[in-house]
2 protein chains.
Amino acid sequence: MNRNQLRRRPLYEQIKSLLLRRINDGEWQVDEALPSEWDLAEELSVSQGTIRRALTELVQDEVLYRQQGRGTFVAESVSDWGDALLGAPGAMGAGGAAPLVELLSCSRANASVEMAEALGLRRGEPLWRLRQLWRYQGQPIALDDAYLSCEKFEGLDARWLRQFGGGVYATLQRRYGVRVMVKSVQFRAELLPREEASLLGQVTSIEVPALSLLRLSVSMTGEPVEWRQRYCLTQQFAYVVTP
Amino acid sequence: MNRNQLRRRPLYEQIKSLLLRRINDGEWQVDEALPSEWDLAEELSVSQGTIRRALTELVQDEVLYRQQGRGTFVAESVSDWGDALLGAPGAMGAGGAAPLVELLSCSRANASVEMAEALGLRRGEPLWRLRQLWRYQGQPIALDDAYLSCEKFEGLDARWLRQFGGGVYATLQRRYGVRVMVKSVQFRAELLPREEASLLGQVTSIEVPALSLLRLSVSMTGEPVEWRQRYCLTQQFAYVVTP
DNA sequence: CAGTGGTCTAGACCACCGG
DNA sequence: CGGTGGTCTAGACCACTGA
């Protein structure tokens, strides 16, 4: 390891970046073990304690997971759904589960002002719009529109996404080597727009309030990747977050 | 430090608990420095590295904060509002700020089934109900009802809360030595009930959707302390969370 | 059993802060 | 300048896993 690096970034930070790059380059697959801490220490000419610290932080970032006696492994990327669970309103203890996803469509759109700003693109640039329907206990519960740059993710289409399964983020990781993490989430309460209401099976004429989420996801290097809007029905189940 | 403790809990965990107890007992005030890592190490007969690890985790839990060259200090308890910010819808970059709080009333209520379960009490037990109005840029933006056990927090009243200022959590810490952290939050979209609508200045006859939050807060030892419900207007500002 | 991560120690040097 | 936290090293022992 180069010790004369202007002494700016600590060693363990440099090792974090290095490992992150190698993970994203696909050097180790999901659930595959990295070399042991001692082997990494020798390879990178640092002490095992320094390797340990880098790995510990990557575990905290949920990029890796450890199992005592077995090794250190590459973690799955986050789920499209996010960390939230669906639970009975008022019952704070028992968290439910995450819903199941179905890809409805993959079309093209143009970046709005907000999308362009959030994604670091110019207004009007072409984006993929991936529409997903979430079901919980068989019932439609949420509708997502995910927007991603066409340029960065050339050739993304419904066939790929359905074939891979596991949602948009899993596909980004496996096909484009991009790991993603949620940077920011906005919550609002809105009346469900007509189109979304019909897709969510809300056919009554009365207007129904829905939880509206806006979410910005970035790559591990902090580069904005996805702008996602979600309408979530919360009459039966609440959207539960546990910090 | 007792090394023959059945070897169950690691030393740094024991030290975390010990320091947490001493912080809650008021041994050091908010923004007051703890003894240096070396002094603590000597006092507790462990190595500085072990003290360091315990402190690092308490910093991650936002119980302490560190300043290089100065020391390690007791942090403020969390704000009643929580970690969220109010921001312009669609603008993910620029987070706004938190709103200002005003205590409306302090009354008594009886625990509902959900409250009792969440707080570990029996149904119908007496609770304080603290009603707070949040204003942002002068406009009412959210209404909170915080419920706490009357038994555990004897003598809580509006005078104390107003006199202390800084909200419920600051008062719990200063008067009862209880530090609090948010354990779980539920989000729902609802139509704003009539009473809450009038307190939030929504006098139109049409029904307005509001973001409904249910939040359970616990002490540092994990004991449930507060059940809080919030109605938040989101027509103008979104509720922004940054993980 | 060998190999892995998990804890703990001791000591060194650096970077920053304040008087 | 002394005192603080921040980084890095080397080595020891433990606890768990799997062959």
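Naming convention: chains lettered A, B, ... in sequence-line order (proteins, then strands); numbering from 1 in each chain.
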So which nucleotide from D/dT7, D/dT9, C/dG5 ends up closest to the side chain of A/Val46? D/dT9
Please confirm whether B/Arg175 makes a cation-pi placement over B/Trp160, using NZ or CZ under 6.0 Å from the six-membered ring centre and within 45° of the ring normal. yes
Taking DNA chain D as the partner, which of residues 49-58 of chain A come within under 4.0 angstrom of it by heavy atom? A/Thr50, A/Arg53
Rounded to the nearest angstrom, tell me the gap between atom CD in A/Glu42 and atom P in C/dG3. 14 Å
Just checking, is any N or O donor in the side chain of A/Tyr239 or A/Arg230 under 3.5 Å from an acceptor N or O on the other one? yes
Difference in axis direction between the ends of the helix from C/dC1-D/dG18 to C/dG18-D/dC1, five pairs, 10°: 10°
Without decimals, in angstroms, what is the distance between B/Glu13 CD and C/dG6 P? 13 Å
At under 4.0 Å, does any side-chain N or O of B/Tyr12 touch on OP1 or OP2 of C/dC8? no
To the nearest angstrom, how far is A/Arg9 atom CZ from C/dA15 atom C1'? 18 Å
Pair A/Glu43 + A/Arg22: basic N to acidic O under 4.0 Å: yes
Of residues 60-77 of chain B, the positions that come close to DNA chain C - non-hydrogen atoms, cut-off under 4.0 Å: B/Gln68, B/Gly69, B/Arg70
Assess the side chains of A/Tyr169 and A/Glu226: does a donor N or O sit below 3.5 Å from an acceptor N or O? yes
